[in-house]
2 protein chains.
Amino acid sequence: MTSIHSPSYPTVVNPGSPIADRPTVLAEFVVGVDNVIFSVDTLENRLLVLLVNRRQDPFAGYWSLPGTLVRQGESLEAAAYRTLSEKIRVKNLYLEQLYTFGGPDRDPRESSTAYGTRYLSVSYFALVRYEDAELICPPESGTTPQRIRWFSMEQIPDLAFDHRRIVQYGQRRLCSKLEYSPVAFEVLPDTFTLNDLYQLYSTVLGENFSDYSNFRARLLKLGILQDTGEKITRGAGRPASLYRFDPDAFAPLKDKPLLFV
Amino acid sequence: MTSIHSPSYPTVVNPGSPIADRPTVLAEFVVGVDNVIFSVDTLENRLLVLLVNRRQDPFAGYWSLPGTLVRQGESLEAAAYRTLSEKIRVKNLYLEQLYTFGGPDRDPRESSTAYGTRYLSVSYFALVRYEDAELICPPESGTTPQRIRWFSMEQIPDLAFDHRRIVQYGQRRLCSKLEYSPVAFEVLPDTFTLNDLYQLYSTVLGENFSDYSNFRARLLKLGILQDTGEKITRGAGRPASLYRFDPDAFAPLKDKPLLFV
DNA sequence: TCAAAAGTGTTATTCTTACACCCATGA
DNA sequence: TCATGGGTGTAAGAATAACACTTTTGA
């Protein structure tokens with residue numbers, strides 16, 4: 001992220017012991033987890049991100065990433081899963097740590113108390129299957145305004161805190177994940193057509209990432225897809241073969257510099 | 001990092017408000033920064049990592065990554081730079097955030113206090129130029145044992161905490177950084193020979209990453225190296241041309257899926 | 001004049017790209 | 001019988017990998 005030439009370091013008068021040596025100068029932290037939860041609506045070719053509407057200050061009324069503070073005895077990853085499970089029910093998902101945003105002044109609550117607590121956000125990146133992602137606070141809850149919903153990446157509103165930056169960072173990660181790893185299969189149904197896969201890729205990576213026929217040839221040559229023999233008809237047109245991802249065939253390719261694009 | 005199918009989420013009885021709703025169940029955190037500082041000794045073809053010997057418990061006497069606790073008003077990145085500058089003086093360096101390790105039970109100090117403070121480590125990855133990296137606690141300091149030194153990646157001792165894991169994670173990052181980005185030039189002298197560059201790559205990536213002649217052809221074809229016209233003679237043999245990295249020529253290639261291998 | 005270090009060239013093979021074209025089905 | 005969605009083929013050019021080879025220097 002950062003690259004410097006000839007930096008001028010701050011002079012350290014007393015490096016001292018890192019543990020409780022000068023406890024008054026240490027920052028006090030509250031650690032939260034924020035999730036960038038992506039999904040792909042392949043029917044409408046939209047890349048979606050899940051946002052929640054804040055009820056409290058700061059940023060009451062703003063949309064933000066679903067997050068939580070980490071509890072005693074809870075790992076960061078567990079906190080990420082918990083937040084996710086509080087907002088959405090899914091069968092398949094992929095989750096990994098994204099980045100840690102912890103500079104001072106990223107949360108207005110810090111400035112309210114002099115020498116106040118620092119809010120550190122460990123962000124997680126998730127990809128869920130849109131078809132079976134069930135929002136726990138549904139859109140139709142009487143007259144109260146919608147508190148959780150999917151936003152298309154094209155129409156993300158102003159977000160609370162530095163969450164817009166986190167979303168952008170997440171999108172970059174999503175693109176490279178698709179290119180270098182088989183995440184897509186975590187999020188597709190068990191069996192899928194090559195067109196389903198292609199739609200997923202082109203929705204995330206943009207229209208001009210590859211020609212369908214070349215994409216098809218490359219994927220089949222990799223040998224990581226089993227043809228189930230079954231076919232599916234969707235509207236008019238020739239029925240499509242249903243494939244299944246073969247983890248055993250993929251295993252030896254793991255960590256190899258293979259491209260799905 | 002994690003991929004699950006049909007996970008069973010913990011039941012959340014009262015999700016509540018994330019802010020200070022049930023303050024007693026929130027974990028209290030001390031946030032530290034640990035640096036994985038790599039360097040390459042091209043003369044001896046060794047990939048090196050900087051370790052410090054701990055004086056206090058826990059893990060007194062063990063080698064560990066140089067780290068520090070984050071101070072008031074200090075960003076995570078600033079803390080990483082500070083730690084680095086306390087141990088080593090360098091002219092050129094590359095630094096970026098690596099990963100955040102924050103599960104409970106990663107630090108024995110947690111268990112000593114019931115419901116104790118959690119130790120969270122935001123790790124940073126750095127690459128410095130070996131030739132002008134000057135250790136601040138030099139090897140020859142009387143009879144006291146050496147407190148900071150470079151270790152070859154092949155002979156890393158048992159490390160404190162989960163630092164071995166962090167080092168391994170850092171090494172993976174180093175390899176992909178070399179392959180996909182021009183970090184190498186941050187750490188080479190201003191002018192260098194193609195062999196210098198090749199040595200750096202093969203030391204980090206292993207002997208069989210590429211043939212010298214093919215490496216050479218690819219790098220020159222990229223057009224990001226300026227031939228300075230100067231030559232340098234090293235021992236017997238034909239003098240080598242000195243090249244300089246051209247950031248302007250590289251700029252348009254940024255974010256392109258280019259490979260240096 | 002030889003070995004070391006640097007640099008060039010060659011060739012077979014594979015990959016990529018941009019297409020054109022054929023097949024099976026419902027309306 | 002035609003539009004639609006699915007699937008196959010191909011040919012030019014680029015990239016890759018494994019080499020052999022030449023050039024320039026110090027000893």
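Each chain gets a letter, A, B and so on, in the order its sequence line appears, and its residues count up from 1. Just so we're clear, the structure is a prediction, and the values are computed from it rather than from any experiment.
Computed from coordinates, the D196(B) CG to dG7(C) P distance equals 10 Å when rounded to whole Å. For the pair L219(A) CG and dG7(D) C1', the computed distance is 14 Å after rounding to whole Å. Rounded to an integer number of Å, the gap from CG of L220(A) to P of dT8(D) is 8 Å. Following rounding to the nearest Å, L194(B) (CG) and dG7(C) (C1') show an atom-to-atom distance of 9 Å. Rounded to an integer number of Å, the gap from CG of L197(A) to P of dG7(D) is 12 Å. Between F215(B) atom CZ and dG9(C) atom C1' there is a gap of 19 Å when expressed in whole angstrom units. Atom CD1 of I232(B) is separated from atom P of dG7(C) by 11 Å (rounded to the nearest Å). Counting to the nearest Å, the C1' atom of dC21(D) and the CZ atom of R216(B) are 14 Å from each other.
Residues forming a side-chain contact (heavy atoms from CB on, under 4.5 Å) with S152(A) (at least two apart in sequence, or on another chain): R46(A), L48(A), E154(A), Q155(A). Among residues two or more places apart in sequence or in another chain, the ring pair (Phe, Tyr, Trp, His ring centres under 6.0 Å) test is passed with F38(A) by F125(A). Not counting sequence neighbours, D227(A) has no partner by the side-chain hydrogen bond (donor to acceptor under 3.5 Å, both in side chains) test. When the side-chain hydrogen bond (donor to acceptor under 3.5 Å, both in side chains) test is applied to T100(A), the partners found at least two apart in sequence or on another chain are T100(B). When the ring pair (Phe, Tyr, Trp, His ring centres under 6.0 Å) test is applied to F192(B), the partners found at least two apart in sequence or on another chain are F185(B). For N53(A), there are no side-chain hydrogen bond (donor to acceptor under 3.5 Å, both in side chains) partners, not counting sequence neighbours. Not counting sequence neighbours, the partners of S241(A) by the side-chain hydrogen bond (donor to acceptor under 3.5 Å, both in side chains) test are K231(A).
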Mind running side-chain hydrogen bond (donor to acceptor under 3.5 Å, both in side chains) on Y169(B) and Q171(B) for me, showing each step along the way? CA-CA 5 Å; Y169(B) 195 78; Q171(B) 191 178 10; over 6 Å; no

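Contact annotation: Y212(A) side-chain N/O to dG6(D) OP1/OP2 distance is not under 4.0 Å.
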Shorter than 3.5 Å, N or O on both sides, protein versus nucleotides 9-11 of chain D: list them out with atom names.
residue, atom, partner, partner atom, Å
dG9(D), O6, S213(A), OG, 2.7

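When all heavy atoms of I156(A) and F151(A) are compared, the pair lying nearest together is CG1-CB, 4.4 Å.
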Counting primed atoms plus P, OP1 and OP2 as sugar-phosphate and everything else as base, spell out the protein contacts along nucleotides 22-27 of chain C at 4.0 Å heavy-atom distance: B, S or - for each nucleotide, 5' to 3'. -BBBS-

